[in-house]
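Read the structure below first, then the notes.
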Amino acid sequence: MANVILRCAHQISSNYRHGNCIEFSSHSPNLVAVAANDNYGIKGKGELAVLSIEYNGGTATSMMGPKFSGRASLFPSTTAVTSLDWCHRIQHLILTGSSSGDLLLWNITKPQDVALVQCYSGPSKEVSSIAWSPTSAKPNFVTASWDGSLLLHDPGVKTPVCHVAQLPCLLYDVRWSPHMPDCFLAAAGDGTARVYQGGLAGITVPVRPGCDVLSCDWSHSQQHLIATAAADAALALWDLRYCQQPLAVMQGHEKAINRVRFSPHLPCTLATASYDFTTRVWQMDGPVLTSAVHSDFSFSVAWNPSLAGVLADCSWDSTLALYVV
């Protein structure tokens, strides 16, 4: 595939804290949440920051370029904030996971001192990923942790309602299927991606034996299509009906890929964030777009679910960037 520059529309500082996770609001195209921490999240404090975005135009195709316009709210944490997700049912709630295993629910419309709504009993180690169910009849959320656990939670109950799995390896990412209720996918340190449905183990995809699978995601347009990203810099597409071999393996990154996300609007288009300092957009029928604005790990990337082609990332160089594809 040809390589073309992915141009940055706007870049701002995260106030000397290192970006760990970024997610757009599922309700408002003008809000994005970022988890940023002292000392790369290894030790020290962290924060959940909610930033506002301005658009010069109504759609991605008519935009002159989106811009970060300021911090809508800021919520400090005594430990590193390692994961986050917006509630799909209630627009002002964000759930965060920490390096200590804490799970905290925030109301971002409240002042700092009263914004913490609920504390949940989480895993024993770092919460590497949180995902709030977008399709389930119940608004459950699932957590993946470095202690190898997958825990299913009901937001009305402080303790997990189901210990879905306990693997003998780190877990890095978890994603609900946008097509199948009560079904999610987890990326594991044993070289696999695993599907769970109704709390039960299903398909195991043998992604990279002996190599950590750091991220995974579902296609929004094809029910059985998933993507995986691994520590050896391999990006792969899989059909879950015939998953002994990948449909495609895409090379380009020079170091581990920490995050992969399918576009919710652009068919067969993915974004990746990598330890090689780049963020890339992969188009099956077009060139690879590459951004090299960062001077340290590009750690997380997210698509705006409300505006097609709008993308954001965060980096360990203490900056956040916006793009339009």
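In what follows, every heavy atom counts, from backbone to side chain, and hydrogens, waters and symmetry copies are set aside. All residue numbers refer to positions in the sequence shown, counting from 1.
Looking at every heavy atom in both residues, Asn3 comes nearest to Thr290 through OD1-OG1, 2.7 Å. Across all non-hydrogen atoms, the minimal contact from Cys314 to Cys21 is SG-N, 3.7 Å. Contact between Pro134 and Trp176 at its shortest, heavy atoms only, is CD-CB, 3.5 Å. Residues Pro29 and Ser306 come closest through the heavy atom pair CB-CB, 3.7 Å. Scanning all heavy atoms of the two residues, the minimum distance from Pro246 to Ala236 falls at CB-CB, 4.3 Å. The heavy-atom pair separating Val293 from Ala321 by the smallest distance is CG2-CB, 4.3 Å.
Of the N and O atoms on the side chains of Ser52 and Asn30, not one donor lies less than 3.5 Å from an acceptor on the other residue. Counted by atom type alone, Ser291 and Tyr323 present one or more donor-acceptor pairs between their side chains at under 3.5 Å. Between the side chains of Ser274 and Thr272, no donor-acceptor pair of N or O atoms lies under 3.5 Å. Under 3.5 Å, the side chains of Trp238 and Thr228 contain a donor-acceptor pair of N or O atoms. Side-chain contact, Tyr55 with Asn304: a donor N or O sits under 3.5 Å from an acceptor N or O. No side-chain N or O of Asp239 forms a donor-acceptor pair with one of His224 less than 3.5 Å apart.
Annotation: Arg71, atom CZ; neighbour count of heavy atoms from other residues, nucleotides and ligands within 6.0 Å is above 12. For Trp132, the CH2 atom sits in a packed shell: over 12 heavy atoms of surrounding residues, nucleotides or ligands are nearer than 6.0 Å. Open room surrounds CD on Gln245; 12 or fewer heavy atoms of other groups in view lie less than 6.0 Å from it.
Remark: the backbone N or O of Glu254 is paired with a side-chain donor or acceptor of Asp276 at under 3.5 angstrom. Under a 3.5 Å cut-off, the side chain of Asp317 and the backbone N or O of Ser295 do form a donor-acceptor pair. A donor-acceptor distance shorter than 3.5 angstrom exists from the side chain of Ser83 to the backbone of Val127, with no hydrogens or angles considered. Between the side chain of His220 and the main chain of Ser263, no donor-acceptor pair closer than 3.5 Å is present. Under the 3.5 Å distance criterion, the side-chain polar atoms of Ser315 are matched with a main-chain donor or acceptor of Phe297. Checking side-chain atoms of Ser177 against main-chain N and O of Phe184 turns up no donor-acceptor pair under 3.5 Å. Side-chain N or O atoms of Asn39 include none that pairs as donor or acceptor with a backbone N or O of Gly41 at under 3.5 Å. Between the Ser14 side chain and the Ser318 main chain, a donor and an acceptor come within less than 3.5 Å of each other. Looking at Ser300, its side chain does come within 3.5 Å of a backbone N or O of Ile22 through a donor-acceptor pair. Ser128 contributes a side-chain N or O that, together with a main-chain N or O of Leu171, makes up a donor-acceptor pair within less than 3.5 Å.
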Evaluation steps, side chain to side chain donor-acceptor pair (under 3.5 Å), between Asp147 and Ser124: CA-CA 6 Å; Asp147 69 3; Ser124 60; 3.0 Å; yes
Salt bridge (charged side-chain N to carboxylate O under 4.0 Å, His left out) evaluation trace for Arg17 with Asp38: CA-CA 5 Å; Arg17 284 186 159 155; Asp38 297 335; 2.8 Å; yes
Gln222 vs Cys268, side chain to side chain contact (heavy atoms under 4.5 Å, CB included): CA-CA, chis, key distance, verdict: CA-CA 9 Å; Gln222 300 182 51; Cys268 295; 3.6 Å; yes
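Residues Thr143 and Val174 have side chains not in contact (no heavy-atom distance under 4.5 Å, counting atoms from C-beta outward). Using a 4.5 Å heavy-atom threshold, the side chains of Phe68 and Leu322 count as touching. With a 4.5 Å cut-off on side-chain heavy atoms, Met284 and Leu237 count as touching. Inter-residue side-chain proximity for Pro123 and Leu151 is flagged as met; some heavy-atom pair is nearer than 4.5 Å. Side chains of Leu84 and Ile130 form no contact here, defined as non-hydrogen atoms less than 4.5 Å apart. For the pair Trp218 and Met180, the minimum side-chain heavy-atom distance is below 4.5 Å. Ser149 has its side chain within reach of Gln166: a pair of non-hydrogen atoms, C-beta onward, lies under 4.5 Å apart. Proximity of Leu225 to Phe262: side-chain heavy atoms (C-beta onward) are separated by under 4.5 Å at one or more points.
A salt bridge links Arg261 to Asp173: at least one charged side-chain nitrogen sits closer than 4.0 Å to a carboxylate oxygen. With respect to Asp217 and Arg175, a salt bridge is recorded, a charged nitrogen being found less than 4.0 Å from a carboxylate O. Look at Arg208 and Asp232 and you find a salt bridge, because one of the NZ, NE, NH1 or NH2 atoms lies within 4.0 Å of a carboxylate O, short of that distance. With respect to the salt-bridge test (charged N to carboxylate O, under 4.0 angstrom), the residues Arg194 and Asp190 qualify.
Using a 4.5 Å cut-off between side-chain heavy atoms of Ile, Leu, Val, Met, Phe, Trp and Tyr, with links allowed through other members, Val32 and Val81 fall into different hydrophobic clusters. Placement of Leu240 and Leu235 in two distinct hydrophobic clusters is found when ILVMFWY residues are connected by side-chain heavy-atom separations under 4.5 Å, directly or transitively. Tracing side-chain contacts under 4.5 Å through hydrophobic residues (I, L, V, M, F, W, Y), one never reaches Leu103 starting from Val157; they form parts of separate clusters. Linking ILVMFWY residues whenever their side-chain heavy atoms come closer than 4.5 Å, directly or via other members, places Val50 and Leu116 in the same cluster. Following chains of ILVMFWY side-chain contacts shorter than 4.5 Å, one can reach Val34 starting from Phe24, so the two form part of one hydrophobic cluster.
Taking the six-membered ring where the residue is Trp, Tyr40 and His18 present parallel rings, their angle staying beneath 30° rather than reaching 60°. Using bins of under 30°, 30° to 60° and over 60° for the plane-to-plane angle, the ring pair Tyr275/Phe299 lands in the parallel bin. Relative orientation of the His153 and Tyr120 rings is perpendicular, given thresholds of 30° and 60° on the angle between their planes.
Of the residues listed (Thr278, Asp313, Thr279), the one engaging His294 in a side-chain hydrogen bond (donor to acceptor under 3.5 Å, both in side chains) is Asp313, and it is the only one. Of the candidates Thr269, Val4, Leu311, Ile5, Val4 is the only one forming a side-chain contact (heavy atoms from CB on, under 4.5 Å) with Leu289.
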